[in-house]
Chemist: 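I have a structure I would like to understand better, so I am pasting it below and will then ask my questions one at a time.
None of the values given here were measured: they were computed from a predicted structure.
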Amino acid sequence: KPLSPGWEEEVADPLLREDISAAVCGNPARRLRSPAELAQRLENLEARRAERNRRESERQQQELAERKRTEARVRRPWIAFACVLVLGLGASLYFLHGKVTQPPPPTLKSVAVLPFQNAGTDRSFDYLSLPLADEVAMTLSYARGLSVQPFLTTSQYALPGVDLRKAGAEMKAASIITGRFVGEGDQLHLTLEAIDVTSGRVLWADTLDAPARNMIELRDKIVARTQGVLAAALGGSAYTVTKGTRPTNNEAYDLYLRALSMPFDSGTNQQALAMLERSVALDSNFAPAWLQLGRPCYVEVRYGKGGSDMGERYVSAEARAVALDPDYIPAVAIWIGVAVEDGDETKAMQQAEDLVRRHPDSSDAHYILNYTLRYAGITDEASHQCDLAFQLDPHNITSGLRSCAIVPTLRGDYRLAEQYLRLDPDSDFTKAITLLGLLRGGKEAEALRLGAPHIQQWPSYDMLIACAQHKPAGDIAAMAAKVQ
């Protein structure tokens, strides 16, 4: 029997209205088959409501992401038109009221921290060369007005006797920080200097002493000096944060320092991973250790034999680093990248834009915004963010800036691609993108001389080489079947 008209107004729940309509539907093909089916639907009402809400949320997120793509494509002509109007208005004001003085935009002072030198005879302290300098570089990275060169860039100047002014010119740095340490008995003496590249003048110098078995005490002294007189001598202003995390266990911190001094390649990755896992087990509240722990996990997943378990370890390590220190820019940038790779583009876009807003002078921030834009298919704006990241720090290889070569390679702009690939010239990633560019440019002979990169997770490049060698179609098809 059909219900009286207007009954829907008395049932507020849309799912209940659907169930009642299906139960009394006049079309037998659409009507529920039995009271038992209606009872089952009512029993699952809450689960169905949750599933519907989830789908509606996904739909809204997809609409938002699509709207951002559309807005990015259509707003550029209006931006250009607005720029023309502003320029015209500015010219009118100039002639009417004379020249209006504007404060110059802030300029960043580039600082390079070279690996510290072990000036003593006890070689057991050699591992401190890179980590102690990295502590100075990381602390300075929080200061406004300074652009600190990523430490992997400066590590090529680790040998003694480096011409500091020449090194500074090569790195386009305004000032260079050096350090020398000597172990004497149970004490460690560290001398720091900041040098102006142009004049060679010593801007600042100091000596720190700490027990050789207490690296935490030495770190605390380094951080205090760096945040205070050193940052001021270099021209840095207020710090973007007032505090970070600090180590509390000497053994854990020593393991962290030793792992930090090791390159993450196939030969040392497992050793570094074991050290860092032990470090965070001893001291679970030091954000840099968790950040470093995630990196060998990522190397195993992306380039080695790591499976889903290693991927979960990578994600959990980076999540812990961000939870401990929300202002730790390298960790925040990597965490945004995790959201991108998980397919949550809307969330990643919002976080990346907020990071750039809060840290406009951070190369890492602009790079990760490029990363989210590239995944969303907004390649023009992604390229612009790569340009900004490169201008802020033309030597940045820790943020992943080398991957900015992908878009220009696909567009055929190989000169621009080479600019980014030179950041990491000896890696298999660079070899892979270079190979792709050579083949797209019709340079098969050069591509064959280069050969395929040795990346287990990228077998498609072996297939590219086979195509360039004009191997039988059956062989190429067999190789293609192995590509996931």
Chemist: Please find the pair of heavy atoms, one from Y414 and one from T409, that lie closest to each other, and give the distance.
Modeler: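 Here Y414 and T409 meet closest at CE2-O, 3.6 Å.
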Chemist: Take L369 and L355, measure what side-chain contact (heavy atoms from CB on, under 4.5 Å) needs, and give me the verdict at the end.
Modeler: CA-CA 8 Å; L369 179 55; L355 189 64; over 6 Å; no
Chemist: Minimum heavy-atom separation for S363 to A389, with atom names?
Modeler: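 Nearest pair, atom of S363 first, then A389: OG-O, 3.1 Å.
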Chemist: Measuring from L276:CG to L255:CG, what's the distance to the nearest 0.5 Å?
Modeler: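 It is 8.0 Å, given to the nearest 0.5 Å.
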Chemist: For residues 460-473, which residue pairs qualify under side chain to side chain donor-acceptor pair (under 3.5 Å), counting only residues two or more places apart or in two chains?
Modeler: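 Qualifying pairs, neighbours excluded: E444-H470.
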Chemist: Could you check if a side-chain atom of V280 sits within less than 4.5 angstrom of a side-chain atom of Y256, using non-hydrogen atoms only?
Modeler: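 No, too far: nothing below the 4.5 Å cut-off.
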Chemist: Side-chain contact test, heavy atoms from C-beta onward, threshold under 4.5 Å: evaluate it for K347 versus D342 and give yes or no.
Modeler: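 A side-chain contact is absent here, since even the closest heavy-atom pair is not under 4.5 Å.
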Chemist: May I have the step-by-step check of side-chain contact (heavy atoms from CB on, under 4.5 Å) for L130 and L260, ending in yes or no?
Modeler: CA-CA 8 Å; L130 300 180; L260 194 64; over 6 Å; no
Chemist: Does P360 offer a backbone N or O that forms a donor-acceptor pair with the side chain of H366 under 3.5 Å?
Modeler: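 Yes; at least one donor-acceptor contact below 3.5 Å.
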Chemist: Walk me through it: do R411 and L416 pass the test side-chain contact (heavy atoms from CB on, under 4.5 Å)?
Modeler: CA-CA 10 Å; R411 291 177 171 177; L416 179 58; over 6 Å; no
Chemist: Less than 4.5 Å apart, any side-chain heavy atom of D364 and any of V332?
Modeler: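 No, too far: nothing below the 4.5 Å cut-off.
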Chemist: Do L192 and W204 have side chains that approach each other closer than 4.5 Å (heavy atoms only, starting at C-beta)?
Modeler: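 With C-beta onward as the side chain, the pair touches.
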Chemist: In Å, rounded to the nearest 0.5 Å, how long is the span from CD of E318 to CD1 of I334?
Modeler: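 Between E318 CD and I334 CD1, I get 4.5 Å after rounding to 0.5 Å.
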Chemist: Quick check for you: to the nearest 0.5 Å, what is the distance between R278 atom CZ and D254 atom CG?
Modeler: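 So the gap between those two atoms works out to 12.0 Å.
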Chemist: Are any of the side-chain nitrogens in R357 or D354 under 4.0 Å away from the carboxylate oxygens of its partner?
Modeler: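 A salt bridge links R357 with D354.
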Chemist: A side-chain contact here means heavy atoms from C-beta on lying under 4.5 Å apart; do R225 and L230 qualify?
Modeler: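 Counting from C-beta outward, R225 and L230 never come under 4.5 Å.
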Chemist: For the residue pair A405 and A417, what are the closest heavy atoms and their distance?
Modeler: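 Heavy atoms of A405 and A417 come nearest at CB-O, 3.5 Å.
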Chemist: Do Q351 and T372 have side-chain heavy atoms sitting under 4.5 Å apart?
Modeler: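 No, their side chains stay 4.5 Å or more apart.
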Chemist: Give a yes or no answer on whether the side chain of R440 reaches the backbone of G412 with a donor-acceptor pair at less than 3.5 Å.
Modeler: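 No, R440 side chain to G412 backbone: no donor-acceptor pair under 3.5 Å.
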Chemist: Got a second to check how far D134's CG is from S129's OG, nearest 0.5 Å?
Modeler: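 Those atoms lie 11.0 Å apart.
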Chemist: Identify the heavy atoms of E345 and Y375 that sit nearest to each other, and give their distance.
Modeler: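 Looks like OE2-O, 3.4 Å.
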Chemist: For W335 versus V315, what's the shortest heavy-atom pair and its separation?
Modeler: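 Where W335 meets V315 most closely, the heavy atoms are CZ3-O, 3.4 Å.
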Chemist: Filter on side chain to side chain donor-acceptor pair (under 3.5 Å), then keep only pairs touching residues 279-289, sequence neighbours left out; what's left?
Modeler: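 Every pair satisfying side chain to side chain donor-acceptor pair (under 3.5 Å) with a residue in residues 279-289: T248-D283, N285-R320.
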Chemist: For Y420 and V407, run side-chain contact (heavy atoms from CB on, under 4.5 Å): C-alpha distance rounded to whole Å, both residues' side-chain angles, the deciding distance at 0.1 Å, then the answer.
Modeler: CA-CA 11 Å; Y420 296 114; V407 171; over 6 Å; no
Chemist: Sort out for me which residue in I177, D196, T226, V229 forms a side-chain contact (heavy atoms from CB on, under 4.5 Å) with L234.
Modeler: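 With L234 as partner, side-chain contact (heavy atoms from CB on, under 4.5 Å) holds for just one option, I177.
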Chemist: In Å, rounded to the nearest 0.5 Å, how long is the span from CG of L438 to CG of L464?
Modeler: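 CG of L464 is found 11.5 Å from CG of L438.
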Chemist: Evaluate the ring planes of Y314 and Y298, with Trp represented by its six-membered ring, and classify them as parallel (under 30°), tilted (30 to 60°) or perpendicular (over 60°).
Modeler: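 Judged by the thresholds at 30° and 60°, the geometry between Y314 and Y298 is tilted.
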Chemist: Does the side chain of S403 come within less than 4.5 Å of R374's, by heavy atoms?
Modeler: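 Side-chain contact under 4.5 Å: yes.
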Chemist: Do Y367 and C404 have side-chain heavy atoms sitting under 4.5 Å apart?
Modeler: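 Yes - at least one pair of side-chain heavy atoms lies under 4.5 Å apart.
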Chemist: List the atom of V322, the atom of A331, and the distance in Å for their closest heavy-atom pair.
Modeler: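 Closest heavy-atom pair between V322 and A331: CG2-O, 3.4 Å.
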Chemist: Give a yes or no on whether the backbone of H384 and the side-chain of D387 come within a donor-acceptor separation of less than 3.5 Å.
Modeler: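 Judged by distance alone, no pair lies under 3.5 Å.
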Chemist: Would a distance-only check, ignoring hydrogens and angles, find a side-chain to backbone donor-acceptor pair under 3.5 Å from T245 to A287?
Modeler: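 Yes, the answer is positive, given that a donor and an acceptor are paired below the 3.5 Å cut-off.
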Chemist: Rounded at 0.5 Å granularity, tell me how far CZ in R295 sits from SG in C297.
Modeler: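 One finds 12.5 Å between CZ of R295 and SG of C297.
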